**Student:** 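Dropping a structure here in structure tokens format, bear with me for questions.
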Amino acid sequence: MRVRIHRGAREIGGSCIELAHDGARLLLDLGLPLDGNPDDHTRHPDIDGLAGGSDLLALVLSHGHRDHTGLSHLAGPDLPVALGAATLAILKAAATFVPDCHVPTNTVPLADRQPLRLGPFTVTPYLVDHSAYDAYALLIEAGGQRLFYTGDVRGHGRKGALFERLLRDPPRNIDTLLMEGSSLGRLDPDRTFPSEDEIEARLVGLFDETPGMALVAASAQNIDRVVSLYRAAKRTGRTLILDLYAAVVLAATGNPRIPQSNWPGVAVFVPHHQRVHIKRTGRFDLLTAHGHNRIYAEDLPALAPRAAMLFRHSLLPDLDRAGCLTGARAIWSQWDGYLRQPRGQALADELATRAIPLAHAHTSGHASIPDLRRLAAALAPRRLVPIHTFAPEQYPALFGPSVTIEQDGTWWECAA
Ligand SMILES: [Zn+2]
Ligand SMILES: [Zn+2]
């Protein structure tokens with residue numbers, strides 16, 4: 001089996017790996033570079049047969065983050081796309097609200113530890129803990145060789161047990177491990193991250209200190225975080241307010257243990273721009289599906305001291321008009337780098353104008369370096385190749401002599 005990393009050998013973003021064996025090829029992920037524009041042809045990887053109907057058999061998506069799926073529109077309708085069922089449902093849900101969000105149509109479901117045959121390749125997905133729901137590491141076997149691609153992975157989220165299970169019972173006899181290293185270069189080798197339980201506790205503390213509405217700026221697609229938010233709201237006697245987008249995304253998980261819009265302690269507020277969007281797209285079924293606990297602008301001022309909202313900048317005009325921001329506090333619950341970008345800065349400025357204090361409560365979607373070391377030791381590959389990292393040169397010192405640094409665009413042998 002031959003391997004070629006198109007992008008990711010020395011960067012986070014635009015992950016894409018091509019595999020070839022016995023006259024057939026397979027793609028793993030087709031992501032958007034972090035600062036990339038999906039329509040910028042100069043950043044598109046050079047891959048034959050993306051239209052389908054060639055020796056390229058399928059595109060396999062490890063999870064739904066844009067740095068892994070954001071160029072999947074380049075795959076033609078004839079190329080099968082393998083991805084988790086919940087990942088597909090969440091993509092569909094998001095596409096209802098987010099412009100230019102591509103949803104593949106010719107799909108094959110991935111399921112935890114269920115081998116999938118694609119020509120000479122056998123793909124076995126391993127459900128992993130990550131900030132994206134329904135994320136997989138992928139074992140690829142072909143011609144007696146075995147490659148394990150971690151995708152994006154961590155051990156300190158709400159599904160940390162999956163990480164420990166992988167360490168206890170790893171796939172054996174791995175020729176090449178393609179291991180993500182998002183944390184390298186960002187923090188010192190011994191540092192670990194807070195768990196989601198610790199984030200929940202931090203939210204509880206912040207809610208207790210907040211006289212008005214708690215505005216928690218988190219991604220609705222970070223399902224672990226929404227669970228932490230729901231649990232913290234419950235512990236402090238607050239109602240969790242979702243907008244329609246979040247309600248639709250949570251329903252798309254298909255998981256009855258994930259907070260839903262019709263649960264007690266949950267309310268749905270549909271802001272003006274979403275009401276306009278529903279009218280324009282005719283998706284009144286979404287209002288019906290999530291109408292059980294619906295609240296309106298006039299309900300917000302009275303509810304504010306007992307409310308925690310899954311917040312986004314676009315909700316601010318509605319909250320202003322409702323007059324419900326007295327004593328409010330905002331909590332940034334995603335990567336703080338976004339806050340330094342122009343859009344994040346604009347939000348911070350608007351909050352400051354309203355004298356709304358801004359606190360932080362976040363943990364990484366990616367494994368700490370100690371956890372990556374445990375993972376590499378458990379898998380004990382013949383070769384460890386860096387991917388999804390800005391610091392490949394740090395791998396040898398951390399993970400030992402099996403590390404081989406490859407370059408974007410170059411073919412190499414899985415079992416060299
Ligand atoms: Zn990811
Ligand atoms: Zn990623």
Side-chain angles (χ1 to χ4, degrees), residues 5-17 27-36 38 43 45 59-72 81-84 86-91 94 98 101-102 104 110 112 125-138 148-160 162-163 166 177-187 193 196 218-226 249 252-253 333-338 341 362-369 371-372 375 385-392 395 408:
I5 298 172
H6 282 278
R7 190 180 285 276
R10 46 182 59 254
E11 74 186 86
I12 296 173
S15 285
C16 182
I17 303 140
L27 271 190
L28 310 180
D29 287 340
L30 190 47
L32 184 68
L34 275 195
D35 56 350
R43 311 289 297 275
L59 164 63
V60 184
L61 299 176
S62 62
H63 64 289
H65 280 156
R66 274 163 72 87
D67 60 319
H68 298 257
T69 64
L71 293 180
S72 60
V81 179
L83 77 177
T87 298
L88 176 62
I90 290 170
L91 275 178
V98 183
C101 173
H102 173 72
L110 294 179
D112 188 27
Y126 286 71
L127 188 65
V128 294
D129 184 31
H130 180 44
S131 48
Y133 193 74
D134 199 27
Y136 296 94
L138 300 167
F148 192 79
Y149 168 46
T150 61
D152 287 358
V153 67
R154 66 175 173 183
H156 58 276
R158 295 207 167 271
K159 301 174 299 314
L162 294 172
F163 188 77
L166 182 59
L177 169 62
L178 278 174
M179 188 174 79
E180 75 122 305
S182 311
S183 294
L184 274 66
R186 285 187 183 180
L187 70 172
F193 294 114
E196 278 295 329
S219 162
Q221 294 193 34
N222 184 344
I223 305 295
D224 273 20
R225 186 59 44 80
V226 178
V249 165
T253 62
S333 194
Q334 47 199 305
W335 181 51
D336 61 4
Y338 292 135
Q341 292 171 2
H362 185 54
T363 193
S364 177
H366 301 273
S368 66
I369 293 170
D371 278 349
L372 288 176
L375 180 62
V385 176
I387 194 159
H388 200 282
T389 183
F390 285 117
Y395 273 61
D408 284 346

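As the structure lists them, so they are numbered: ligands from 1, and atoms in each ligand from 1. Not measured: the values here are computed from a predicted model.
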**Student:** Tell me, which N, O or S atom in His68 is closest to the Zn ion (ligand 2)?
**Tutor:**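 Distance check against the Zn ion (ligand 2) picks out NE2 in His68.
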**Student:** For a distance under 2.8 Å, tell me if His130 has an N/O/S atom near the Zn ion (ligand 1).
**Tutor:**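 So His130 does bind the Zn ion (ligand 1) by this criterion.
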**Student:** So, of the N/O/S atoms that His65 has, which is the nearest one to the Zn ion (ligand 1)?
**Tutor:**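 Atom name returned: ND1.
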**Student:** Would you say Cys16 and Leu71 make side-chain contact, with heavy atoms under 4.5 Å?
**Tutor:**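 Answer no - side chains too far apart.
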**Student:** Taking Asp112 for its side chain and Leu127 for its backbone only, find out whether a donor-acceptor pair lies under 3.5 Å.
**Tutor:**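 Such a contact is found between Asp112 side chain and Leu127 backbone.
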**Student:** Can you tell me if an N/O/S atom from Asp67 lies under 2.8 Å from the Zn ion (ligand 1)?
**Tutor:**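 Under 2.8 Å: Asp67 has no N, O or S contact with the Zn ion (ligand 1).
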**Student:** Which residue is it: His156, His130, Lys159? I am looking for the one with a side chain to side chain donor-acceptor pair (under 3.5 Å) to Asp224.
**Tutor:**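 Between Asp224 and the candidates, side chain to side chain donor-acceptor pair (under 3.5 Å) is satisfied uniquely by Lys159.
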**Student:** If you look at Asp152, which of its N/O/S atoms is nearest to the Zn ion (ligand 1)?
**Tutor:**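 Result for Asp152 and the Zn ion (ligand 1): OD2.
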**Student:** State, yes or no, whether a side-chain contact exists between Asp134 and Ile90 at a heavy-atom distance under 4.5 Å.
**Tutor:**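 Contact flag for Asp134/Ile90 side chains = no.
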**Student:** I'd like to know if Asp129 and Arg154 make a salt bridge, using a cut-off of under 4.0 Å between side-chain N and carboxylate O.
**Tutor:**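 Judged by the 4.0 Å cut-off on N to carboxylate O distance, Asp129 and Arg154 do form a salt bridge.
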